[in-house]
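To start, the structure under review is shown below, and the notes come after it.
For this chain, numbers begin at 1 and follow the sequence in order. What you see is a predicted model; the values in this text were computed from it and never measured.
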Amino acid sequence: MHKKKESAAAAAPAETPQAPKKKHRFRLSKFFEKPDFKEEERFFSFGKKLLFGILILVELLILLQQAGEAVRLHKWGALAATLGIEAVLTVSEAVKLFAVKGFKNKVYCYVIDCVAAFVLTAVTGSTYLSTLYMIILTEFYISSEKMLPSIIVCALCMVVYVITFGASNWFRYGESASILGVLAQSFNDLLILLIHFVFVNFAVRFYRQYVRLSKALKALDESKAELQKAYDDLAEVTALEERQRIAKDIHDTAGHSITTVIMQTEAAKLILDKNPEDAKSKIIAANLQAKHALEELRESVHLLSGNPGKQTLENALQGIINESTDGTGIRIRSDIDDIAVSDAKYRFLCNTLKEGISNGLRHGRATAFWFELKETDGKINFLLSDNGSGVNINEMKEGFGLTGMSKRAESLGGELWFISEPGEGFEIHLTLPSDGPRE
């Protein structure tokens with residue numbers, strides 16, 4: 001029997017320990033924490049708590065003053081009345097400050113406040129009457145979004161204050177005074193209420209403007225951060241696209257050139273014994289193609305490393321011509337304008353010249369070329385002609401290089417065409433839109 005119980009206990013799954021529940025304790029220090037000045041709601045909440053604390057302090061001072069008078073003159077009824085009125089005023093202020101929102105909902109509280117202040121002044125004749133009014137008005141000023149209601153309420157409270165002051169003198173001392181006399185007696189307090197109105201309203205509106213400005217600056221910073229992130233992403237995508245373009249150029253252009261070199265040297269080997277002149281021509285063409293391929297690879301490596309090392313278009317084209325004629329026996333005459341172009345057009349013009357010379361050597365067995373680059377009427381005009389064997393232009397099939405050149409010219413907004421006849425050489429004509437004058 002015990003064994004069964006033990007086995008059952010062993011088979012029962014172990015109870016998973018539960019995480020201890022966090023106890024939310026009220027911390028008195030939290031009440032006195034410094035408010036976040038950038039959070040309008042929290043800041044005004046702190047201000048309301050501070051107002052309520054000042055109200056309690058003033059009521060205690062009034063109560064102590066009244067208690068001393070009650071002990072001396074045995075006016076215990078007045079002390080009890082003071083305590084009751086202060087309790088009503090405290091509850092009204094608490095409801096208005098922490099429970100009720102909206103002016104319409106607070107109207108009853110404002111009426112109770114005025115009545116309580118009137119009765120309290122009549123019973124005690126306290127010198128803290130203006131302080132009570134300032135507490136009541138401060139709450140209204142920080143709750144009001146517009147200036148006009150604050151002006152109206154301030155004016156009404158000043159009138160009520162004068163009436164309360166005069167009624168207090170009549171109730172306590174049986175004295176009646178003229179309006180001018182009451183105004184003269186309450187002038188200092190009225191001036192204090194006026195200064196309080198100007199100061200509090202200016203401070204509240206300045207603070208609200210500060211909060212709006214802070215929010216606008218924060219939104220601007222967030223927009224700037226998002227814009228910077230978008231710019232960084234765009235730069236990264238642009239860099240990736242540029243690398244992919246360079247990789248494609250290496251694959252298409254340099255790869256094509258190297259393939260051509262292999263084919264030319266293989267063809268030269270086959271005819272070296274039978275036709276040495278033709279074999280020599282093919283080797284020269286292959287050598288020139290290899291030089292161009294090496295230059296293209298160097299250019300691509302410079303671009304990938306972030307150091308383009310770019311020279312002027314005129315110097316670059318002249319360098320291609322010098323490279324093509326050096327040690328090959330080929331003659332190339334030229335007339336090149338110094339033209340400012342974009343990077344894309346720069347590369348395309350250089351590649352077109354290389355491809356045109358290589359094609360003239362390989363297919364047309366050309367020995368001389370004429371190259372011209374001019375800028376007229378907002379257009380860049382490119383011409384390369386050779387003295388090769390030429391072709392029937394209607395029967396010509398565009399190979400990889402010529403097809404690529406045509407598509408690239410169209411993508412740059414230009415046009416590429418060819419002129420040739422059997423035995424009359426070959427011409428490449430290219431027009432591109434000009435990039436305008438240099439800055």
Any side-chain heavy-atom pair from Pro422 and Val391 closer than 4.5 angstrom? no
Pair Asn381, Thr376: side-chain N/O donor-acceptor within cut-off below 3.5 Å: yes
Checking Asp337 side chain against Ile339 main chain: does a donor-acceptor pair fall under 3.5 Å? no
Pairing donors with acceptors under 3.5 angstrom, does anything connect the side chains of Asp232 and Gln228? yes
Do any N or O atoms from the side chain of Tyr346 and from the backbone of Ala316 form a donor-acceptor pair under 3.5 angstrom? no
Establish, from distance only, whether the side-chain atoms of Thr90 and Glu59 form a donor-acceptor pair under 3.5 Å. yes
With a 4.5 Å heavy-atom cut-off, do Pro433 and Lys345 have their side chains touching? yes
To the nearest 0.5 Å, atom CD1 of Ile330 lies from atom CD1 of Ile321 at 12.0 Å
The criterion is salt bridge (charged side-chain N to carboxylate O under 4.0 Å, His left out); which residues satisfy it with Asp233, sequence neighbours excluded? Lys229
Give, for atom CG of Leu194 and atom SG of Cys154, the distance between the pair rounded to the nearest 0.5 Å. 6.5 Å
Report the C-alpha separation of Val341 and Leu313 in whole Å, then their side-chain angles, then the decisive distance to 0.1 Å, and conclude whether the side-chain contact (heavy atoms from CB on, under 4.5 Å) test is met. CA-CA 8 Å; Val341 294; Leu313 178 62; 3.9 Å; yes
Taking all non-hydrogen atoms of both residues into account, name the closest pair between Asn201 and Phe197 and its distance. ND2-O, 2.8 Å
Would you say Asn359 and Ile428 make side-chain contact, with heavy atoms under 4.5 Å? no
For Lys374, does the NZ atom sit with more than 12 other heavy atoms under 6.0 Å from it, leaving out its own atoms? yes
Kindly assign one of parallel, tilted or perpendicular to the pair Phe202 and Phe206, based on the angle between their ring planes and the thresholds 30° and 60°. parallel
side-chain contact (heavy atoms from CB on, under 4.5 Å) evaluation trace for Glu93 with Lys96: CA-CA 5 Å; Glu93 280 296 309; Lys96 185 176 63 175; 2.7 Å; yes
All heavy atoms of Ser92 vs all of Cys109, minimum pair found to be OG-O, 3.3 Å
In short, Phe371 meets Leu353 closest at the heavy-atom pair CD1-CD1, 3.8 Å
What pair of heavy atoms forms the shortest contact from Ser420 to Gly390, and how long is it? OG-CA, 3.4 Å
Heavy-atom check, side chain of Leu89 versus side chain of Leu55, under 4.5 Å: yes
Parallel, tilted or perpendicular, as decided by the 30° and 60° cut-offs, for the rings of His429 and Trp417: parallel
I'd like to know if the side chain of His196 pairs up with that of Thr138 as donor and acceptor (distance under 3.5 Å, no hydrogens or angles considered). yes
Please report the C-alpha distance between Asn387 and Thr367 in whole Å, then the side-chain angles of each, then the deciding distance to 0.1 Å, and finally whether the side-chain hydrogen bond (donor to acceptor under 3.5 Å, both in side chains) criterion is met. CA-CA 7 Å; Asn387 64 349; Thr367 58; 2.9 Å; yes
Neighbour count above 12 (heavy atom, 6.0 Å) for Glu314 CD: yes
Looking just at side-chain N and O atoms, do Glu375 and Ser434 make a donor-acceptor pair shorter than 3.5 Å? yes
Rounded distance [0.5 Å steps], CG in Asn275 versus CG in Leu270: 12.0 Å
Validation row: Lys49, Phe98 side chains within 4.5 angstrom (heavy atoms): yes
Work out which heavy atom in Asp386 is nearest to a heavy atom in Gly388; give both atom names and the distance. OD1-N, 2.9 Å
What closest approach, in Å, do Leu432 and Leu412 show between heavy atoms, and which atom pair accounts for it? CD2-CB, 4.0 Å
If you measure from CZ on Arg347 to CG on Asn351, what distance do you get to the nearest 0.5 Å? 8.5 Å
Hey, could you give me each pair passing salt bridge (charged side-chain N to carboxylate O under 4.0 Å, His left out) that has a residue in residues 196-207? Not counting sequence neighbours. none
Can you tell me if CZ on Phe199 sees more than 12 non-hydrogen neighbours from other groups inside 6.0 Å? no
Using modelled atom types and a 3.5 Å cut-off, is there a donor and acceptor pairing between side-chain atoms of Ser223 and backbone atoms of Ala219? yes
Trp370 vs Ser334 side-chain heavy atoms within contact, under 4.5 Å: no
Just by modelled atom types, is the Ser342 backbone N or O under 3.5 Å from a matching donor or acceptor in the Asp435 side chain? yes
Begin from the C-alpha positions of Glu427 and Leu384 and carry the test side-chain contact (heavy atoms from CB on, under 4.5 Å) through to its verdict. CA-CA 6 Å; Glu427 292 184 0; Leu384 179 66; over 6 Å; no
Rounding to 0.5 Å, atoms CD1 (Ile357) and OG1 (Thr352) come to a distance of 11.0 Å
Just do the side-chain contact (heavy atoms from CB on, under 4.5 Å) check on Leu383 and Leu430 with the steps written out, would you? CA-CA 7 Å; Leu383 168 63; Leu430 168 65; over 6 Å; no
Are Phe369 and Ser385 packed together at the side-chain level, in the sense that at least one heavy-atom pair is separated by less than 4.5 angstrom? no
Find out whether Ser411 and Arg408 are in side-chain contact, i.e. whether some heavy atom of one side chain is under 4.5 Å from a heavy atom of the other. yes
Reported CD1-to-CD distance for the pair Ile393 and Glu424, which is rounded to 0.5 angstrom: 13.0 Å
